[in-house]
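Worksheet: the structure to be examined is printed underneath.
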Protein chains: 2
Amino acid sequence: MSTRKDYHHGDLRDALLLAAEKQLSEEGPAGLSLRKLGRDLGVTPGAPYRHFEDKDALLAALATIGFQRLRATMLKEQKECVTGEERLRSGGIGYLKFAWKHPELFRLMFGWMPAREAPELHESGDAAFALLVDMLRQCEREGLLRQTALDAGLLAWSAVHGAAFLMIDGGLKLCGTEPDPEIVGDRVHRSLWSGIARHPVSVETGKESPASAPA
Amino acid sequence: MSTRKDYHHGDLRDALLLAAEKQLSEEGPAGLSLRKLGRDLGVTPGAPYRHFEDKDALLAALATIGFQRLRATMLKEQKECVTGEERLRSGGIGYLKFAWKHPELFRLMFGWMPAREAPELHESGDAAFALLVDMLRQCEREGLLRQTALDAGLLAWSAVHGAAFLMIDGGLKLCGTEPDPEIVGDRVHRSLWSGIARHPVSVETGKESPASAPA
DNA sequence: TTATAATGTCAACACTGTTTACAAAAAAAT
DNA sequence: ATTTTTTTGTAAACAGTGTTGACATTATAA
C-alpha cells in the first residue's frame, strides 16, 4: 500500500523491514544489526529509531509479517480443496513450505513471540492458528473426527509444527525422510489421520475399540 | 567428576557454564554476555577465552549439556515402564517436562544445532533421538505399530517436539489445554496412538480399512 | 507564508566480542 | 630442588553494537 514514498529517504520503514528480512535469512539473527541496515540504506545509525522504538520492535514487526505470510501460504495451498481432510493436508503442507523457505524467519517467529508483548504480533499469530481450527471444525462438521476439533487441533498443530522444526534443523535425516515439504507433509498427514497404533483404540478409555479387534 | 579444582580460579569452565545457564534462564539469550559472566565470577573479560574459543562455543557446550539432560529426563521418566506404549508415553512426558522446566535452554538447543558444527553437539542430539527410536522399535517388536518404527518416529517426534514448543510459547491457551507436561503429554499420546480420524484408514492407500467401516 | 510535525544528521555514552602482549601460577622435566 | 614448560588469568586496546539527545532539514498543514 505504501501511502508515503516521500520525505527524506522515501519509505524507510518498509525498506528497513525488507533489508532486515534479507539480512536475517542470509546471516542469521546474530548478523542482524540496525547500524548495518542503516549503512546499507545510506542512512545514519539514529535514523531507524524514528520508525522502531527498539531493535526488538523491528524484530517483532518482522515476525508479525511472517505470521501473515504463513497464513497466506496456507490459504493459497488449500485454495482448491473441498474436503476438510484435504484442507488439513494442504494447509499442513503450506505450513511446512513456509518454514522450509524462510527458516530463520520461522525461528524468529516462535523464538520471540512470548518475549515482547507486541499486541499486533499476537493478533497475527492467533489469526494463523484460527485458520487451523477452521480446518478442523470443518472436519468435525463433516463427521470425520473421533474427537473434538480442539483435541485434534492440539495434535495436528503439534505435529506439523514439530515436523517444520525437524525439517529446518536437519533432524529428519535421522528419520530417513527427504526434507521436502510435500513428502513430509504427506507422511505426517497420513500418520496423523490414521494413528500409529495397529489396532484402533478408544480415545477416552484407552482400550481397544471392539469394532476392529483382530480375529 | 571435576578433576581440577586448583589453578587460579578453581574451576572456571564449569563455573562459566553454570552461570551461563542461570543467566540464560533468567534473562533470555539476549542478556547472556561473556563479560557479564566474567564480572559475576570475579574474572577479567579475556579469561573465558581460555576455555571457550568463542561465544558460540560456550552456547554449543550449553546445548550439549541440554541434550544430555533431555535424554536423562526421558530415561528417568520411563524407568519403570514395561510396554513399548508405556515407554513411548512416558518418554514423551519426560520430553515435555524438560522443555517446560528449561524453556530458554530448549530453544537454544534447537535454534543453534545447525549453525555451529560442534561434533559433540550432534552426538548428544543424536543420542537423544536414538532413545526415541529405541522406544518405537520396541513397539514394533511387540507388534503394536501399523507402520515402520521410522515412519511412526517421524510423527511421534514431530508431535512431542511441536507440543513442547507450543507449551513454552503459550500457544496451548488457544487449544484450551493447561500447559502441564503430564496433561499435554497424555493427550498428545492418546491422539497420536489412535489417530484423529473417526474411521481408521489404511496408511498405504488412504482408503478406509474395511475392518472398521461403519454399519 | 508561516507554524508544526515528521524525519534524518551528528556526536556521544555505555556496552559487547575479541585479540594481543604480558604476568603469575601450576605441572612436568631435569 | 631447580628449571623449564604449559596452563591459566590480567591489562590494555580495537572494532562494532544499541541507544539517546541536541540539532538540522524537509514535508505537511494552518
Side-chain angles (χ1 to χ4, degrees), chain A residues 1-24 26-63 104 108 111-112 115-118, chain B residues 1-24 26-63 104 108 111-112 115-118:
Chain A
M1 200 63 66
S2 210
T3 52
R4 36 181 157 66
K5 60 172 184 178
D6 1 24
Y7 294 117
H8 303 61
H9 167 95
D11 200 346
L12 186 57
R13 207 192 118 99
D14 287 4
L16 279 171
L17 287 172
L18 205 69
E21 189 190 340
K22 185 177 177 183
Q23 197 156 122
L24 176 68
E26 286 177 357
E27 308 191 37
L32 206 166
S33 135
L34 287 190
R35 290 184 102 108
K36 190 165 164 48
L37 287 180
R39 224 176 299 141
D40 290 357
L41 293 170
V43 103
T44 52
Y49 288 85
R50 298 288 152 177
H51 300 272
F52 298 98
E53 188 186 3
D54 220 65
K55 185 183 182 180
D56 276 16
L58 188 273
L59 294 179
L62 217 54
E104 298 291 353
L108 179 73
W112 290 82
R116 193 87 177 181
E117 290 126 22
Chain B
M1 201 62 68
S2 210
T3 51
R4 38 180 155 66
K5 60 171 183 178
D6 2 28
Y7 296 119
H8 303 61
H9 167 96
D11 200 347
L12 186 57
R13 206 192 120 100
D14 287 4
L16 279 170
L17 287 172
L18 205 70
E21 189 190 342
K22 186 177 178 184
Q23 197 155 126
L24 176 68
E26 286 177 357
E27 307 192 36
L32 206 166
S33 135
L34 287 190
R35 289 185 102 108
K36 188 163 164 50
L37 287 180
R39 223 175 300 141
D40 290 358
L41 293 170
V43 102
T44 53
Y49 288 85
R50 297 288 155 183
H51 299 274
F52 299 98
E53 186 186 3
D54 218 70
K55 184 183 182 181
D56 276 17
L58 186 275
L59 294 179
L62 217 54
E104 299 291 353
L108 178 74
W112 289 82
R116 192 88 177 179
E117 290 127 21

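Keep in mind that what you see is a predicted model, and the values were worked out from it rather than measured.
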Could you please name the option among [options] that lies closest to any side-chain atom of [X]?
X: Lys55(A); options: dG9(D), dG18(D), dT16(C); answer: dG18(D)
X: Leu34(B); options: dT17(D), dT16(C), dG17(C); answer: dG17(C)
X: Ala47(A); options: dG8(C), dT8(D), dT18(C); answer: dG8(C)
X: Asp54(B); options: dT18(C), dG9(D), dT17(D); answer: dT18(C)

Nearest whole Å is fine: how far is [N] [atom2] from [X] [atom1]?
X: Tyr49(A); N: dA22(D); atom1: OH; atom2: P; answer: 17 Å
X: Glu53(A); N: dG18(D); atom1: CD; atom2: P; answer: 15 Å
X: Leu58(B); N: dT16(C); atom1: CG; atom2: P; answer: 14 Å
X: Leu32(B); N: dG17(C); atom1: CG; atom2: C1'; answer: 13 Å
X: Phe52(A); N: dT7(C); atom1: CZ; atom2: P; answer: 12 Å
X: Leu16(A); N: dT7(C); atom1: CG; atom2: C1'; answer: 12 Å
X: Leu12(B); N: dG9(D); atom1: CG; atom2: C1'; answer: 9 Å
X: Arg13(A); N: dG8(C); atom1: CZ; atom2: P; answer: 12 Å

Side-chain donor/acceptor of Arg35(A) to base of dG16(D), under 3.5 Å: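 Not at all, since no donor on one side and acceptor on the other fall under 3.5 Å apart.
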Side-chain contact test, heavy atoms from C-beta onward, threshold under 4.5 Å: evaluate it for [X] versus [Y] and give yes or no.
X: Gln23(B); Y: Asp40(B); answer: yes
X: Pro29(B); Y: Leu24(B); answer: yes
X: Leu37(B); Y: Leu32(B); answer: yes

Within the structure, does a side-chain N or O atom of [X] lie under 4.0 Å from either OP1 or OP2 of [N]?
X: Ser33(B); N: dG17(C); result: yes
X: Arg39(A); N: dT17(D); result: yes
X: His51(B); N: dT7(D); result: no

Separation between NZ of Lys22(B) and CG of Leu17(B), rounded to the nearest 0.5 Å: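 Answer rounded to 0.5 Å: 15.0 Å.
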Considering all heavy atoms, the nearest Arg13(B)-Ala61(B) contact: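 For Arg13(B) and Ala61(B), the tightest heavy-atom pair comes out as NH2-CB, 4.5 Å.
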Residue whose nearest DNA chain D nucleotide is more 5′ - Arg50(A) or Lys36(A):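 With Lys36(A) and Arg50(A) compared, the 5'-side residue is Lys36(A).
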